[in-house]
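Step one of this worksheet: look at the structure below.
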Amino acid sequence: MSISQSSDVPFLAGSKINIDAIKTATRPGLRRTKIVCTLGPACWEVPQLETLIDAGMSVARFNFSHGDHEGHKACLDRLRQAAKNKDQHVAVMLDTKGPEIRSGFFADGAKKINLVKGESIVLTTDYSFLGNNKKLGCSYPALPTSVTPGQSILVADGSLVLTVLSCDQAAGEVTCRIENNAGIGERKNMNLPGVIVDLPTLTEKDISDITEWGCKNKVDFIAASFVRKAGDVHKIREVLNSNGGSETKIICKIENLEGLENYHEILAATDGIMVARGDLGMEIPPEKVFLAQKFMIREANIAGKPVITATQMLESMINNPRPTRAECSDVANAVLDGTDCVMLSGETANGEHFEAAVTIMARTCCEAESAVNFDSLYQAVRNSTIKKFGHLSTSESIASSAVKTAIDVNAQAIIVCSESGNTARQVAKFRPGMKVIVLTTERSTACQSFGVLKGCSSKILASIEDTEKIIDQTKKDLVKNGIAKLGDPVVVVHGAIAKKGSTNTMKIEYC
């Protein structure tokens with residue numbers, strides 16, 4: 001059983017859960033956790049994209065391990081048309097291919113080879129070699145110098161396990177023992193657990209994708225694959241800043257042990273984190289992945305940086321209309337861990353039941369949030385931040401005070417005027433239980449806030465100079481939309497002057 005972490009006195013967690021909570025109908029409109037959907041052939045037409053938006057998508061992920069710039073641009077145009085039709089500020093994420101290691105192609109036009117447990121297979125770094133069940137190409141040139149006898153090589157998401165027997169550096173070959181019967185196709189991913197691979201985090205393809213597609217199309221996020229150290233983040237930011245992408249935020253995907261070991265320096269440099277459990281589960285023992293997830297989410301929460309939990313969350317829904325109970329529990333536990341977003345991959349990109357996948361994920365997030373005591377969570381985040389850093393920053397102090405005041409006066413909403421999005425991010429950090437409305441003149445801030453900040457919606461304004469008029473209209477909209485009643489308090493956070501970095505005012509107003 002788990003123990004409540006919100007008090008010096010230990011209590012079992014789950015005191016808010018009772019039979020009524022189980023019987024009460026889900027209210028998905030109250031959901032705070034955001035949903036990232038990977039786009040693909042199953043869902044990339046305008047009507048389908050509108051369906052995803054209605055179901056709960058706030059970030060559209062473009063996976064650059066597949067497709068070309070022209071195809072992605074056509075999909076982006078359809079996405080932005082769908083978002084305009086639905087009047088939602090859906091964020092766009094470019095997910096880089098990264099420095100992948102893959103097996104090679106087969107001889108004689110074969111689409112699959114069958115490997116037998118106990119037999120040997122040679123891996124050659126000659127990637128032009130057309131392989132069979134005796135010898136197979138590998139895209140990693142340094143393989144013979146990177147592995148040693150006794151180490152494991154995992155192929156095709158771990159469905160094939162090889163044990164290194166010998167390495168021939170001169171020939172560029174590694175002989176392995178096959179540990180299980182398996183059939184694999186061409187160009188399958190390969191993982192080298194515990195090995196620091198000699199590959200750049202940002203490949204030439206990644207740089208081209210970022211500069212020629214990401215920056216030109218004003219994407220909101222770069223999800224950087226296989227980030228291993230803070231220097232990788234600095235390099236990506238340099239590429240963005242040099243190509244007109246300074247407003248694009250960086251989400252670092254932690255996918256191996258080196259990235260985990262350097263997590264704190266990466267977290268300090270990045271704008272957000274993705275717990276990429278697929279490759280991570282190949283690099284560390286699978287029974288340790290949940291510990292890594294909890295560790296990364298907690299540290300990101302304390303840093304006030306959004307975190308996405310990804311991979312196989314509702315995997316069975318690629319083919320099935322309903323998820324397994326374990327999958328729903330996985331989504332719920334990520335929410336209870338403190339994730340800002342949960343992500344769907346093949347479930348939406350290739351799945352027949354893409355709408356159902358988003359719908360059940362949204363409902364599961366909502367149910368998990370209903371078990372959270374947000375007042376205690378606010379105090380836990382504040383206490384953990386002070387314990388780690390000794391004090392709150394000025395912006396954190398204003399955000400913390402806004403959330404505490406909203407709790408004390410039972411405010412129905414927090415209105416945040418934010419140009420850069422930093423104030424909105426700080427307010428979201430303290431996990432308010434009420435709605436957060438971000439007012440901004442910046443399209444990128446609106447998309448990024450709605451996209452990944454927990455509990456935040458956004459509105460783009462023509463001008464933020466007449467702050468009082470804007471706030472009055474927002475209060476009227478709260479009443480009109482049934483979020484608040486006349487006379488209900490709301491907390492407002494803004495600056496005395498309309499410019500970035502000027503937030504210095506928190507006040508209570510009434511609808």
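Keep in mind that this is a model prediction, so the values were computed, not measured. Note that the numbering runs from 1 along the sequence shown for the chain.
- Looking at Glu173 and Lys135, a side-chain N of the basic residue comes within less than 4.0 Å of a carboxylate O on the acidic one, giving a salt bridge.
- The cationic group of Arg61 does not satisfy the cation-pi geometry with Phe221, failing either the under 6.0 Å distance to the six-membered ring centre or the 45° limit from the ring axis.
- Under a 4.0 Å N-O distance rule, the pair Arg363/Glu367 does not qualify as a salt bridge.
- In this structure, Thr96 contributes its side chain and Ser225 its backbone to a donor-acceptor pair below 3.5 Å.
- Looking at every heavy atom in both residues, Arg298 comes nearest to Ser384 through NH2-OG, 3.9 Å.
- Remark: Arg187 pairs with no residue by the salt bridge (charged side-chain N to carboxylate O under 4.0 Å, His left out) rule, at least two apart or across chains.
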query: Passes salt bridge (charged side-chain N to carboxylate O under 4.0 Å, His left out), Glu299 versus Lys388? Steps please.
result: CA-CA 10 Å; Glu299 295 301 313; Lys388 180 162 187 174; 2.5 Å; yes
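- The closest side-chain donor-acceptor pair between Asn114 and Asn133, if any, does not fall under 3.5 angstrom.
- Across all their heavy atoms, Leu314 and Ala357 have their closest contact at CD1-O, 3.4 Å.
- The shortest heavy-atom contact between Gln312 and Glu347 is C-OE2, 4.2 Å.
- Between the side chains of Gln81 and Asn85, at least one donor-acceptor pair of N or O atoms lies under 3.5 Å.
- We find that Lys34 and Asp340 are not joined by a salt bridge, their nearest charged nitrogen and carboxylate oxygen being 4.0 Å or further apart.
- Contact check on Asp232 versus Lys229 returns a salt bridge, with a Lys/Arg side-chain nitrogen under 4.0 Å from an Asp/Glu carboxylate oxygen.
- Inter-residue side-chain proximity for Ile284 and Leu260 is flagged as met; some heavy-atom pair is nearer than 4.5 Å.
- Between the OG atom of Ser159 and the CG atom of Asn180 there is a distance of 7.5 Å, given to the nearest 0.5 Å.
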message: Apply salt bridge (charged side-chain N to carboxylate O under 4.0 Å, His left out) to residues Arg443 and Asp220 and explain how you reach the verdict.
response: CA-CA 9 Å; Arg443 184 207 63 82; Asp220 303 294; 3.4 Å; yes
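- With sequence neighbours left out, the side chain to side chain donor-acceptor pair (under 3.5 Å) criterion links His69 to Asp209.
- Side-chain contact check for Thr309 and Gln293: no donor-acceptor pair (N or O, by modelled atom type) lies under 3.5 Å.
- Using modelled atom types, one finds a donor on one side chain and an acceptor on the other under 3.5 Å when comparing Asp279 with Asn191.
- For the residue pair Gln151 / Thr163, no side-chain donor-acceptor distance below 3.5 Å is found, with atom types taken as modelled.
- Contact record, Val342 with Cys365: CG2-SG, 3.7 Å, taken as the closest heavy-atom pair.
- We find the OG1-CZ distance between Thr203 and Phe226 to be 11.5 Å, quoted to the nearest 0.5 Å.
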- prompt: Can Asp206 and Lys97 be said to form a salt bridge (charged side-chain N to carboxylate O under 4.0 Å, His left out), step by step?
  reply: CA-CA 7 Å; Asp206 296 334; Lys97 183 175 185 292; over 6 Å; no
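- In this structure, Lys134 pairs ionically with Glu119, as a charged nitrogen and a carboxylate oxygen lie closer than 4.0 Å.
- Atom NZ of residue Lys235 and atom CG of residue Leu240 lie 11.0 Å apart, to the nearest 0.5 angstrom.
- When side chains are defined from C-beta on, Lys429 counts as touching Val381, because their heavy atoms get closer than 4.5 Å.
- Judged purely by atom type and a 3.5 angstrom limit, Lys218 has no side-chain atom pairing as donor or acceptor with the backbone of Glu247.
- Considering all non-hydrogen atoms of both residues, Val147 and Cys167 come closest at O-SG, 3.4 Å.
- The residues Arg237 and Asp271 are annotated as salt-bridged, a charged nitrogen and a carboxylate oxygen being separated by less than 4.0 angstrom.
- Asn189 and Glu100 share no side-chain donor-acceptor pair at under 3.5 Å.
- Remark: the Tyr140 side chain and the Ser146 side chain contain an N/O donor-acceptor pair separated by less than 3.5 Å.
- The existence of a salt bridge linking Asp157 and Lys188 is excluded, since no basic side-chain nitrogen approaches an acidic carboxylate oxygen closer than 4.0 Å.
- Ring pair Phe295/His264 is perpendicular by interplanar angle, where above 60° counts as perpendicular and below 30° as parallel.
- A heavy-atom distance below 4.5 Å is not found between the side chains of Leu94 and Asn217.
- Here the side chains of Val122 and Val174 are not in contact, with every heavy-atom distance at 4.5 Å or above.
- Under a 3.5 Å cut-off, the side chain of Thr364 and the backbone N or O of Ala332 do not form any donor-acceptor pair.
- Distance check, rounded to the nearest 0.5 Å: OG of Ser242 to CD1 of Ile210 gives 11.5 Å.
- Thr270 places no side-chain N or O within 3.5 Å of a backbone atom of Ile266 that could act as its donor or acceptor partner.
- Of all non-hydrogen atoms in Phe450 and Ser58, the two that sit nearest each other are O-CB, 3.5 Å.
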